[in-house]
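Here is the structure we will look at, set down as C-alpha cells.
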Amino acid sequence: MVAIDPRFSWSLSKEEELYWLHCSGCHGLKGEGVAGVSPRINETIGYFASTEKARKYIIKLPGVALSPMSDEELADLLNWMVDSFSPQKFPFKKFTKEEIARQRTEPLWEIEKERLSLLKTLPQKEALSRSWKKFRLDSSP
C-alpha cells in the first residue's frame with residue numbers, strides 16, 4: 001500500500017505534463033528516443049526548429065498533426081521542447097498556434113524520406129546525420 005501526502009505536489013509545468021503524457025512514451029522522458037521506434041530529440045529539435053521547412057516537418061509529423069492537443073497547447077509544447085532539450089540555446093522563432101493550425105491539416109506520411117532530405121539542409125547536418133544513422137543502426141536486429 002502506498003500513501004501519498006496530500007501536501008505533496010508535482011512541480012511539472014503544463015508543457016512538461018503534456019510532454020510526459022503525449023510524447024515521452026516514444027521519445028523518452030528526457031528526449032533520448034527509443035532505438036527503432038523514435039529518434040532522439042534532445043539533441044536535434046533545436047536544429048529542426050531553425051528553418052521553415054523543418055518546422056513544417058515537425059508540425060506535420062503524425063504524432064503532432066493528429067494529436068488531441070489544441071493548436072495553442074502544441075505551440076507551447078514545441079517551444080518548451082526546443083528550450084528544454086536543445087543542448088545549446090537556439091535563436092528560433094517561437095511556434096504559434098496560428099502556424100500549428102495552418103500546418104497540421106495535412107499529416108506527413110513519408111517521414112523517413114522527408115527527414116533524410118531535411119538532414120542534408122540543416123545546420124550541423126553532419127552531427128544530425130550521425131545521430132539519425134545511430135538511431136537506425138541501434139534498431140537493427
Rounded distance (nearest 0.5 Å) linking atom [atom1] of [X] with atom [atom2] of [Y]:
{"X": "L108", "Y": "K56", "atom1": "CG", "atom2": "NZ", "answer": "12.0 Å"}
{"X": "L61", "Y": "Q103", "atom1": "CG", "atom2": "CD", "answer": "12.0 Å"}
{"X": "K53", "Y": "E114", "atom1": "NZ", "atom2": "CD", "answer": "5.5 Å"}
{"X": "I41", "Y": "I58", "atom1": "CD1", "atom2": "CD1", "answer": "9.0 Å"}
{"X": "L74", "Y": "T96", "atom1": "CG", "atom2": "OG1", "answer": "11.5 Å"}

Can you tell me if [X] uses its side chain to pair, donor with acceptor, with the backbone of [Y] under 3.5 Å?
{"X": "T44", "Y": "R40", "result": "yes"}
{"X": "H27", "Y": "P39", "result": "yes"}
{"X": "T121", "Y": "L118", "result": "yes"}
{"X": "E73", "Y": "S70", "result": "yes"}
{"X": "E32", "Y": "K30", "result": "yes"}
{"X": "S117", "Y": "K113", "result": "no"}

Would you mind reporting whether [Y] and [X] have side-chain heavy atoms less than 4.5 Å apart?
{"X": "I111", "Y": "P62", "answer": "yes"}
{"X": "E16", "Y": "S11", "answer": "no"}
{"X": "F48", "Y": "L119", "answer": "yes"}

Any chance you could lay out the side-chain contact (heavy atoms from CB on, under 4.5 Å) test for C23 and L77, step after step, and finish with the verdict?
-> CA-CA 10 Å; C23 310; L77 174 60; 3.8 Å; yes

Result of checking L78, I59, D71 against E99 for side chain to side chain contact (heavy atoms under 4.5 Å, CB included) | I59

Please indicate whether K14 has more than 12 foreign heavy atoms, meaning atoms of other residues, nucleotides or ligands, lying under 6.0 Å from its NZ.
-> yes

Are R55 and F95 in a cation-pi contact, defined as NZ or CZ under 6.0 Å from the six-membered ring centre and within 45° of the axis?
->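 Verdict for F95: a cation-pi partner in R55.
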
Report the C-alpha distance between D83 and K94 in whole Å, list the side-chain angles of each, state the deciding distance to 0.1 Å, and finish with yes or no for side-chain contact (heavy atoms from CB on, under 4.5 Å).
-> CA-CA 10 Å; D83 286 338; K94 297 282 187 185; 2.9 Å; yes

Check against side-chain contact (heavy atoms from CB on, under 4.5 Å), S67 and R104 = CA-CA 9 Å; S67 169; R104 77 188 292 197; 4.0 Å; yes

For V82 and G46, the nearest pair of non-hydrogen atoms, with its separation, is CG1-CA, 4.1 Å

Those residues that, when tested against Y19, pass ring pair (Phe, Tyr, Trp, His ring centres under 6.0 Å) (two or more places apart) =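 Scan of Y19 (ring pair (Phe, Tyr, Trp, His ring centres under 6.0 Å), adjacent residues dropped) gives W80, F85.
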
Verify side-chain contact (heavy atoms from CB on, under 4.5 Å) between V34 and C26, making sure each step is shown before the conclusion.
-> CA-CA 6 Å; V34 176; C26 292; 5.8 Å; no

Report the residues that fulfil side chain to side chain donor-acceptor pair (under 3.5 Å) with E52, sequence neighbours left out, ordered by chain and then residue number.
-> K93

